[in-house]
Amino acid sequence: MRSRRAGMWWGTAIEAPDPAALARFYSALLDWPIGHEEPGTAIVAASPEGPYFVFQQADGFRPPVWPPVEGEQRPMMHLDFQVGDLDEAVAEAVALGATLAAHQPQENVRVLFDPAGHPFCLCRDGDG
């Protein structure tokens with residue numbers, strides 16, 4: 001973005017039924033601090049300039065279905081995280097509250113659900 005200047009933040013907003021709980025999950029998963037929290041909003045950020053995830057209260061939240069099913073809430077987007085050891089990263093994510101999806105489309109990728117039900121992927125790096 002041409003109008004972006006040094007010090008301006010950037011990130012992604014994610015709806016959640018419990019923003020504070022989801023922020024704690026991603027803070028632990030990514031080792032990013034919680035930078036801000038207020039009722040209905042919590043932010044985790046890699047640095048003050050971002051990237052960040054802002055978790056926003058979503059009343060009536062319905063988690064997406066993976067793999068997509070006609071007529072059900074579809075995943076609009078998902079997060080991908082590169083990891084060095086896939087089995088170790090999956091075990092860590094599950095210990096923090098993630099759930100492993102039944103459908104796994106690739107050998108070097110694991111689809112998981114965060115505690116709110118959003119799918120995310122752990123992807124083994126090219127050296128593994």
Side-chain angles (χ1 to χ4, degrees):
M1 178 177 299
R2 292 183 184 157
S3 64
R4 193 171 191 292
R5 297 183 210 4
M8 297 177 106
W9 46 266
W10 60 277
T12 301
I14 301 169
E15 293 186 347
D18 185 345
L22 201 55
R24 287 190 299 275
F25 169 79
Y26 280 103
S27 175
L29 183 72
L30 301 174
D31 197 27
W32 290 3
I34 295 175
H36 178 80
E37 190 173 342
E38 62 185 65
T41 303
I43 299 171
V44 296
S47 75
E49 293 82 31
Y52 72 84
F53 297 136
V54 59
F55 301 97
Q56 298 176 327
Q57 183 71 45
D59 297 327
F61 175 80
R62 288 187 329 161
V65 175
W66 169 258
V69 174
E70 186 67 34
E72 297 292 330
Q73 180 65 41
R74 295 182 56 83
M76 299 297 288
M77 59 166 274
H78 70 271
L79 303 170
D80 288 341
F81 303 106
Q82 185 179 32
V83 299
D85 184 309
L86 192 54
D87 292 334
E88 182 180 316
V90 167
E92 180 180 353
V94 168
L96 292 170
T99 304
L100 190 63
H103 178 66
Q104 298 295 327
Q106 296 169 284
E107 186 176 320
N108 65 328
V109 175
R110 291 295 173 271
V111 179
L112 295 100
F113 302 106
D114 70 22
H118 301 101
F120 69 96
C121 295
L122 299 177
C123 309
R124 186 180 65 230
D125 68 18
D127 297 332

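What you see below is based on every heavy atom in this structure, not just the backbone, and it leaves out hydrogens, waters and symmetry mates.
- When all heavy atoms are compared, the tightest approach of Pro19 to Gly40 is CG-O, 3.6 Å.
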Exercise. Passes side chain to side chain contact (heavy atoms under 4.5 Å, CB included), His118 versus Phe61? Steps please.
Worked result: CA-CA 11 Å; His118 301 101; Phe61 175 80; 3.5 Å; yes
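- Surrounding CG of Asp31 are at most 12 heavy atoms belonging to other residues, nucleotides or ligands under 6.0 Å away.
- By the rule that hydrophobic residues join a cluster once side-chain heavy atoms approach within less than 4.5 Å of another member, Val54 and Phe81 end up as members of separate clusters.
- Taking all atoms of both residues into account, the shortest heavy-atom contact from Gln104 to Leu100 is NE2-CD1, 3.6 Å.
- Val111 and Val90 are not part of a single hydrophobic cluster, where members link through side-chain heavy atoms under 4.5 Å apart.
- Closest approach of Leu122 to Leu86, counting heavy atoms only: O-CD1, 3.4 Å.
- For Glu72 (side chain) and Pro64 (main-chain N/O), no donor-acceptor pair under 3.5 Å exists by modelled atom type.
- Atom CE of Met77 is surrounded by more than 12 heavy atoms from other residues, nucleotides or ligands within 6.0 Å.
- Among residues two or more places apart in sequence or in another chain, the side-chain hydrogen bond (donor to acceptor under 3.5 Å, both in side chains) test is passed with Glu38 by His36.
- Of all heavy-atom pairs spanning Gln57 and Pro17, the tightest one is NE2-O, 2.9 Å.
- Scanning both residues, Tyr52 and Ala45, for their nearest heavy atoms gives CB-CB, 3.8 Å.
- Checking side-chain atoms of Ser27 against main-chain N and O of Trp32 turns up a donor-acceptor pair under 3.5 Å.
- Put simply, the side chain of Leu29 does not reach to within 4.5 Å of the side chain of Asp114, judged on heavy atoms.
- Between Pro75 and Pro68 the shortest heavy-atom distance is CD-CG, 4.2 Å.
- Linking Ile, Leu, Val, Met, Phe, Trp and Tyr whenever their side-chain heavy atoms come within less than 4.5 Å puts Val83 and Leu79 in one cluster.
- Connection of Leu112 to Phe53 is established within a shared hydrophobic cluster, with ILVMFWY side chains joined at heavy-atom distances below 4.5 Å, either directly or through further cluster members.
- A single hydrophobic cluster is seen to contain both Ile14 and Leu30, as judged by linkage of ILVMFWY side chains at heavy-atom distances under 4.5 Å, directly or through other members.
- Few gaps surround CD on Glu49; more than 12 heavy atoms of other groups in view lie less than 6.0 Å from it.
- The number of heavy-atom neighbours closer than 6.0 Å to CD of Glu37, taken from other residues, nucleotides and ligands shown, is above 12.
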For this session: Walk me through it: do Phe120 and Tyr26 pass the test side chain to side chain contact (heavy atoms under 4.5 Å, CB included)?
Result: CA-CA 11 Å; Phe120 69 96; Tyr26 280 103; 3.8 Å; yes
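- Counting only heavy atoms from C-beta outward, the side chains of Cys123 and Asn108 never approach each other to under 4.5 Å.
- Not a single side-chain hydrogen bond (donor to acceptor under 3.5 Å, both in side chains) links Arg74 to another residue, sequence neighbours left out.
- Proximity of Val44 to Phe55: side-chain heavy atoms (C-beta onward) are separated by under 4.5 Å at one or more points.
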